[in-house]
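Remember, predicted model here, so these are calculated numbers, not experimental data. Throughout, a chain's letter reflects where its sequence line sits, starting with A, and its residues are numbered from 1.
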2 protein chains.
Amino acid sequence: MEFDVGARLRAVRETHDLSQRALAKRAGVTNGTISLIEQNRVSPSVGSLRKVLEGIPMSLSDFFALQALPRQKVFFPAAELMEIGGGAISYRQVGRDLSERGLQVLHEHYRAGADTGRAFLRHQAEEAGVVIRGRLEVVVGDQRRILGPGDAYYFDSRLPHRFRNVGDEDCELVSACTPPSF
Amino acid sequence: MEFDVGARLRAVRETHDLSQRALAKRAGVTNGTISLIEQNRVSPSVGSLRKVLEGIPMSLSDFFALQALPRQKVFFPAAELMEIGGGAISYRQVGRDLSERGLQVLHEHYRAGADTGRAFLRHQAEEAGVVIRGRLEVVVGDQRRILGPGDAYYFDSRLPHRFRNVGDEDCELVSACTPPSF
DNA sequence: TTATTGTGTTTAAAATATTGAACGCTCTAA
DNA sequence: TTAGAGCGTTCAATATTTTAAACACAATAA
């Protein structure tokens, strides 16, 4: 509700690696103005705030939209991806708790010969993926195909499906499913 | 990029069937202030604009987003950037017509230095991806991070965001978005 | 040390926004 | 006609923001 213009401007400026003076020069205002705004010692006019943001550059809409959404965890270093499989098949999920989210993205690794077995029917789900490395056999309904690097699939998850690494080495792919299935 | 604060305020006020005086009373300012703002003879401070909008009521974010909506349609760069094998960024979409589908998966390739430009707010979308190769700078709202192989991201697409290949070589990633954004 | 360059902050003066009270106008009702 | 109420606009006085220039501090190099 309370919109902290000063703190928001400071955050935006710092993420763009600009000093108060550098931004002031690009925006056509003085550094003192930016200092005072960031301390909330003044409430800038819309006109001067727009000038300042043009030095970023960022629109007023984006500036005010930032605080409209809760700040979420966005970045997931490789080491932080959540390991789900662990055995011959490794599912590394982007994000931990997907209960509030609508998308599940997995970085998958199959050992040679690894097999999912038959997966279950799921309601209202769709999934797709791209093979990065190795050779993956994909069976969906009555169709079967072996996919290599760059090949992809997309199907309705209600169809019975199965994945198997039919190559000699590890198989790597990135897949997505909506809504999340587990 | 010109934002007509006065015309926008007048339009909003009139759609809520409020006179300048009625709105002024509810907002705790004088009618003259509203008159001057609507004529663009002054550029209101963020503080007083917020007070005025509280009399509607409307958030600053919504106020500025109103004019952002047509812009995001007009400047939405996806159609141009997604030419397969086209410019510095290649999007290879899994599936052809996604109009009936809920998931969009792309195998993306960025040339060194390639940049998406700033993307704008979208409706109710979520997106995530995993970097396969190269170094990708991701900016989401006021957050920024450089991701390498195996690193991932997940965010609400309504936040302004941007991608850039900051490495010396090509960058490859697989991304997913639900519902499809283009 | 000493000077230099870079931060962010502060302060009086200038520029701008806001107020409070008027003005001119168009209605409607007596 | 007349009075009254409502509308948006304008103007001088007041309040606030913005400027320009200085201040204080930290890091760096001579």
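Boundaries of the chain A contact region on DNA chain D are D:dT17 to D:dA22, first to last in 5' to 3' order (nucleotide atom under 4.0 Å from a heavy atom).
Atom CZ of B:Arg50 is separated from atom P of C:dA17 by 18 Å (rounded to the nearest Å). Remark: P of C:dC25 and CD of B:Gln20 are 17 Å apart, rounded to the nearest angstrom. The distance from atom CG of A:Asn31 to atom C1' of C:dT9 is 9 Å, rounded to the nearest whole Å. Distance A:Leu23 CG to C:dG8 C1': 14 Å, rounded to the nearest Å. Going from atom CD of A:Glu14 over to atom P of C:dT7 covers 12 Å, rounded to whole Å. Computed from coordinates, the A:Asn40 CG to C:dT9 C1' distance equals 15 Å when rounded to whole Å. Across the protein-nucleic acid pair, A:Lys25 atom NZ and C:dG6 atom C1' stand 14 Å apart, rounded to whole Å.
In this structure the side chain of B:Arg145 reaches within 4.5 angstrom of the side chain of B:Leu147, judged on heavy atoms. The shortest side-chain heavy-atom distance between B:Arg164 and B:Leu136 does not fall under the 4.5 Å cut-off.
A close approach under 4.0 Å does occur between a side-chain nitrogen or oxygen of A:Gln39 and OP1 or OP2 of C:dT10. Contact annotation: B:Thr30 does not reach the phosphate of C:dT18 (side-chain N/O to OP1 or OP2, under 4.0 Å). Distances shorter than 4.0 Å separate none of the side-chain N or O atoms of B:Arg41 from OP1 or OP2 on C:dT18. Dashed line: the shortest gap from a side-chain N or O of A:Arg10 to OP1 or OP2 of C:dT9 is under 4.0 Å. Taking side-chain N and O atoms only, A:Ser35 has a distance below 4.0 Å to OP1 or OP2 of C:dT9.
Counting any heavy atom pair closer than 4.0 Å across all strands shown, B:Ser19 reaches sugar-phosphate atoms only and no base atom. A:Thr33 comes within 4.0 angstrom of a base, heavy atoms only. Using a 4.0 Å heavy-atom cutoff across all strands shown, B:Leu36 reaches at least one base atom of the nucleic acid.
A side-chain N or O of A:Glu108 and one of A:Ser175 form a donor-acceptor pair less than 3.5 Å apart.
When the nearest nucleotides of DNA chain C are assigned to B:Arg21 and B:Ile37 by heavy-atom distance, the more 5′-ward of the two goes with B:Ile37.
Taking the six-membered ring where tryptophan is involved, the planes of B:His109 and B:His107 are tilted, since the angle between them lies from 30° to 60°.
The CG atom of A:Asp4 sits 10.5 Å away from the CD atom of A:Glu38 when rounded to the nearest 0.5 Å.
The pair A:Arg135-A:Asp170 does not meet the salt-bridge criterion, since no charged nitrogen lies less than 4.0 angstrom from a carboxylate oxygen. With salt bridges taken as basic N to acidic carboxylate O contacts below 4.0 Å, one links B:Asp115 and B:Arg162.
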